[in-house]
Student: 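Sharing a structure, written as structure tokens. Questions coming.
Within every chain, numbering begins at 1; the chains are lettered A, B, ... in the order of the sequence lines, protein sequences first and strands thereafter.
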There are 2 protein chains.
Amino acid sequence: MKKFGSLADFILEGNKHFLPALSIDNVVFGFHDNQLKVLLLKLKTINKWILPGGFIFKTEEIEDAALRILQERTGLKEIYLQQFHVFGSRKRNKQKFFKDLYKEMGIDLPDDSWILQRFLTLGFYALVEFEKVRPLADDLSAQISWWDVDKLPDLMFDHKEIIETALKDMRLKINHQPIGFNLLPREFTLKNLQSIYETILDRKLDRANFNRKILSYGILDKKEKQYTGGAHKAPYLYAFNKQAYFKALQEGLEKNF
Amino acid sequence: MKKFGSLADFILEGNKHFLPALSIDNVVFGFHDNQLKVLLLKLKTINKWILPGGFIFKTEEIEDAALRILQERTGLKEIYLQQFHVFGSRKRNKQKFFKDLYKEMGIDLPDDSWILQRFLTLGFYALVEFEKVRPLADDLSAQISWWDVDKLPDLMFDHKEIIETALKDMRLKINHQPIGFNLLPREFTLKNLQSIYETILDRKLDRANFNRKILSYGILDKKEKQYTGGAHKAPYLYAFNKQAYFKALQEGLEKNF
DNA sequence: ACAAAAGTGTTCTCGCTACACCCATGT
DNA sequence: ACATGGGTGTAGCGAGAACACTTTTGT
């Protein structure tokens with residue numbers, strides 16, 4: 001929110017620059033220690049966590065807004081993004097929350113503030129390379145960190161539902177999206193990739209069958225270099241063959257997991 | 001938009017009652033003559049067609065808004081609805097269009113009218129039983145009618161893209177949604193059902209294999225009664241077995257077309 | 001030597017495909 | 001009778017599941 005010099009400015013002037021009644025919430029997925037993780041912010045005043053979110057400038061494309069917000073929290077420029085759902089229950093009442101929140105920060109919100117009206121939020125999810133992310137908290141947050149998707153902390157509003165819906169959506173599109181490609185570093189083991197699929201699909205896969213199937217797509221290049229540091233036999237490293245991968249995705253990776 | 005006595009009222013007062021900058025557009029799918037159809041409105045003043053759409057009351061759930069709009073155009077109360085995408089390009093500029101449109105109807109829109117600002121639109125699609133629909137045009141439209149999805153007329157704004165995106169989304173979810181159930185009358189032939197799948201998937205299916213597979217789900221009851229009027233051999237009629245169908249859907253109709 | 005994880009092989013089953021054949025009915 | 005479309009049978013293939021066996025490496 002570069003346009004605003006201070007938080008107070010943002011509160012007073014925001015309605016002039018943003019689309020009204022609309023926010024964006026990003027579910028940022030990363031992958032580390034063979035675990036799928038989500039990036040969350042901890043509020044300064046309340047012991048709850050929220051998704052990195054923000055608003056859309058009146059002159060801005062909505063995807064660009066989501067990217068801008070993500071860039072501010074992760075430092076990344078190129079991010080794979082996917083719009084997946086609009087959350088709009090009028091029960092997601094943030095009024096009291098925002099009044100208290102800003103009060104504690106020394107700002108007295110007028111009752112007719114644009115920020116107190118009913119908001120719909122557009123849910124996006126992003127797939128990012130864990131190691132490249134430089135998490136940075138925002139003005140309202142004391143902390144930003146990664147959480148295992150299956151061990152989430154206490155979340156504000158409907159943000160837990162948003163994460164779960166994002167996961168469901170990914171499950172549906174797993175054979176049509178470059179999921180591993182965006183979550184993994186350039187070189188990785190088949191075990192890494194298998195863990196991602198297992199998390200998203202929420203079931204165990206047979207190692208032998210997984211390897212055969214994923215290799216049969218012809219989208220991975222085997223590197224002779226080997227990963228060291230593992231306690232036992234060193235696995236081969238693989239890298240996505242970009243060309244073959246995107247070609248295959250267009251046709252849909254028809255075989256299903 | 002019952003709350004408004006006249007179109008002028010709606011223009012002047014709408015911003016007090018509706019969520020700002022947001023509209024809803026519905027892609028209503030029906031099935032007739034073994035063809036998938038979409039319900040479209042023809043504008044009074046321009047020779048183009050649009051999707052039935054509307055706005056969301058500030059106190060209304062967004063799904064309820066979509067249902068209300070649909071009810072007004074189709075007369076149906078129970079409708080299967082699915083939110084599928086938000087369309088928000090700032091290029092979808094309706095300013096000139098609306099000014100001209102309302103001018104021709106004798107209303108002079110002020111430049112700062114709420115209806116001239118940038119709108120995002122929430123795309124929903126609905127699956128309805130063709131025969132039960134009683135299409136009813138709205139104040140801005142001269143005509144409402146069904147169009148084959150593969151022979152669409154000239155559409156306003158990005159409405160063609162919206163329809164195509166809806167179809168793609170249905171294709172993705174075809175094995176997880178009660179598609180046939182909502183589009184077909186209580187009793188129908190396997191050929192009818194096959195036509196729906198062929199349209200959505202955009203490819204021909206083998207009759208024998210389709211029949212076997214769809215029957216293997218155990219979600220159809222065979223009726224001994226037979227359809228007459230066909231030129232040749234009379235096919236059996238089938239009906240969905242509600243219980244079995246919804247149970248199977250929850251588990252995902254795992255086998256894929 | 002042993003444990004643990006990686007890599008590979010094998011067998012069985014089941015579903016999909018393609019196509020063939022028979023059945024029913026209106027002209 | 002024949003054309004047309006509906007219903008059903010079948011052979012072959014390929015993919016997936018389950019599980020066994022071998023290989024590598026650190027302790």
Student: Tell me the interatomic distance from Phe210(A), atom CZ, to dG16(D), atom C1', rounded to whole angstroms.
Tutor: 14 Å
Student: Any chance the rings of Phe124(A) and Phe84(A) have centres within less than 6.0 Å?
Tutor: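 No, too far apart.
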Student: May I have the distance from Lys204(A) (atom NZ) to dA17(D) (atom C1'), rounded to whole angstrom?
Tutor: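 In whole Å, dA17(D) C1' lies 17 Å from Lys204(A) NZ.
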Student: Whole-Å distance between dG6(D) C1' and Gln194(B) CD?
Tutor: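 Gln194(B) atom CD is separated from dG6(D) atom C1' by 11 Å.
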Student: Roughly how many Å is it from OH in Tyr217(B) to P in dC16(C), rounded to a whole number?
Tutor: 7 Å
Student: Rounded off to whole Å, could you give me the CG-to-C1' distance for the Asn211(B) and dG9(D) pair?
Tutor: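 To the nearest whole Å, that distance equals 13 Å.
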Student: Name all pairs fulfilling the side-chain hydrogen bond (donor to acceptor under 3.5 Å, both in side chains) condition that reach into residues 125-137 of chain A, sequence neighbours left out, sorted by first residue then second.
Tutor: Tyr125(A)-Asp169(A), Tyr125(A)-Gln177(A)
Student: Check nucleotides 10-14 of chain C against the protein and report each pair of N or O atoms closer than 3.5 Å, with its distance, or say if there are none.
Tutor:
residue : atom : partner   : partner atom : Å
dT10(C) : O4   : Arg212(A) : NH2          : 3.4

Student: What residues, two or more places apart in sequence or in another chain, satisfy salt bridge (Lys or Arg N to Asp or Glu O under 4.0 Å) together with Asp221(A)?
Tutor: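 Here no residue qualifies.
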Student: Only pairs at least two apart or in different chains count here, so list each salt bridge (charged side-chain N to carboxylate O under 4.0 Å, His left out) that has a residue in residues 75-85 of chain A.
Tutor: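 The answer is none; no pair qualifies.
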Student: Just to confirm, is there a sub-4.0 Å distance from OP1 or OP2 of dG16(D) to any side-chain nitrogen or oxygen of Lys213(A)?
Tutor: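 It does, given that an N or O in the side chain of Lys213(A) lies less than 4.0 Å from OP1 or OP2 of dG16(D).
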Student: Is the base of dG7(D) touched by the side chain of Arg207(B) through a donor-acceptor pair closer than 3.5 angstrom?
Tutor: yes
Student: Aromatic contact between Phe246(A) and Phe181(A), with the criterion being ring centroids under 6.0 Å apart: yes or no?
Tutor: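 Distance test on ring centres: under 6.0 Å, yes.
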Student: With a 3.5 Å cut-off and just heavy-atom distances, do the side chain of Lys233(A) and the base of dT23(D) make a donor-acceptor pair?
Tutor: yes
Student: Donor-acceptor pairs under 3.5 Å, side chain of residues 28-35 of chain B to any protein atom, not counting sequence neighbours: which ones?
Tutor:
residue  : atom : partner   : partner atom : Å
Asn34(B) : OD1  : Asn192(B) : ND2          : 2.8

Student: Distance check needed: dG5(D) C1' versus Asn34(B) CG, whole Å only.
Tutor: 12 Å
Student: When the distance from CG of Leu215(A) to P of dA6(C) is rounded to whole Å, what number comes out?
Tutor: 14 Å
Student: Of all residues at least two apart in sequence or in a different chain, which pass the salt bridge (Lys or Arg N to Asp or Glu O under 4.0 Å) check with Lys42(A)?
Tutor: none
Student: Taking only the side-chain heavy atoms of Ala208(B) (C-beta and beyond), determine which of dT25(C), dG9(D), dG6(D) contains the nearest atom.
Tutor: dG9(D)
Student: What's the CG-C1' distance between Asp206(A) and dG7(C), to the nearest Å?
Tutor: 12 Å
